[in-house]
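Following: one structure in structure tokens, then a few remarks.
Note that the structure is a prediction, hence the values are computed from the model and not measured. All residue numbers in this chain count up from 1 along the given sequence.
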Amino acid sequence: YFSDNLYASVKYAAPSKNGTRFALMTLVGLGRAKEFTKITPNLEKAPEGFDSCLGLAQTSQKSSDFLNNEYVVYDASQYKNQYLVEFKIL
């Protein structure tokens with residue numbers, strides 16, 4: 001799972017004893033992304049004809065189960081970790 005919003009990932013990054021957290025900044029090759037507005041938990045691969053899945057964030061114009069954009073790729077060759085960022089929420 002990936003997101004274009006760090007806030008979406010912060011909830012998965014528990015703070016260490018000194019309060020710092022870590023996040024990976026990653027390049028993700030989505031290819032052709034199938035868009036979803038409803039959570040579909042049983043997918044084990046992208047639907048036929050697609051390379052990835054995109055959970056579209058809710059907006060004032062669009063209803064969605066997703067608060068932030070969420071991306072799913074099923075092939076490790078579609079992403080490349082770039083940076084490990086250590087941060088603290090103040």
Side-chain angles (χ1 to χ4, degrees):
Y1 291 91
F2 301 92
S3 181
D4 53 14
N5 182 338
L6 182 59
Y7 176 77
S9 302
V10 166
K11 60 187 167 195
Y12 301 107
S16 66
K17 289 181 182 179
N18 69 359
T20 62
R21 299 171 191 245
F22 292 91
L24 280 170
M25 299 296 123
T26 304
L27 292 175
V28 182
L30 298 175
R32 186 163 179 222
K34 172 69 175 164
E35 296 180 349
F36 291 89
T37 55
K38 299 289 181 200
I39 294 174
T40 311
N42 296 325
L43 288 174
E44 294 181 6
K45 63 180 182 175
E48 188 69 34
F50 294 90
D51 305 299
S52 62
C53 297
L54 165 57
L56 291 168
Q58 181 173 315
T59 66
S60 59
Q61 296 87 23
K62 175 180 54 198
S63 177
S64 178
D65 291 344
F66 300 93
L67 299 177
N68 300 284
N69 289 331
E70 295 185 21
Y71 305 89
V72 182
V73 297
Y74 298 89
D75 184 339
S77 69
Q78 288 179 256
Y79 67 89
K80 182 177 180 183
N81 294 327
Q82 294 288 289
Y83 304 99
L84 176 63
V85 178
E86 182 177 17
F87 65 99
K88 191 180 275 191
I89 298 174
L90 302 177

Any side-chain heavy-atom pair from [X] and [Y] closer than 4.5 angstrom?
X	Y	answer
Met25	Leu6	yes
Ser52	Leu54	no
Tyr74	Cys53	yes
Val73	Leu30	yes

- prompt: Should we count NZ of Lys80 as having more than 12 external heavy atoms under 6.0 Å?
  reply: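 For Lys80, atom NZ is not crowded (no more than 12 foreign heavy atoms under 6.0 Å).
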Distance check, rounded to the nearest 0.5 Å: [X] atom [atom1] versus [Y] atom [atom2]?
X	Y	atom1	atom2	result
Asp65	Phe36	CG	CZ	12.0 Å
Leu24	Tyr79	CG	OH	9.5 Å
Gln78	Leu27	CD	CG	13.0 Å
Lys11	Leu67	NZ	CG	6.0 Å

- request: Consider only side-chain heavy atoms of I, L, V, M, F, W and Y, link residues closer than 4.5 Å, and tell whether Leu43 and Val72 are in one cluster.
  value: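 Yes; tracing contacts between hydrophobic side chains, which count when under 4.5 Å, links both residues.
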query: Run the side-chain contact (heavy atoms from CB on, under 4.5 Å) check on Val10 and Phe87 step by step: do they pass?
result: CA-CA 10 Å; Val10 166; Phe87 65 99; 4.1 Å; yes
Exercise: identify the closest heavy-atom pair between Pro47 and Lys34: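 Nearest heavy atoms, Pro47 then Lys34: CG-CG, 3.9 Å.
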- request: State, without any angle test, whether Asp75 and Ser77 hold a side-chain donor-acceptor pair at a distance under 3.5 Å.
  value: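 Their side chains do contain a donor-acceptor pair, which is all the 3.5 Å distance test asks for.
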Is the side chain of [X] donor-acceptor paired with the backbone N or O of [Y] at a distance under 3.5 Å, no angle test?
X	Y	value
Ser64	Leu56	yes
Ser3	Asn69	yes
Thr59	Ala57	no

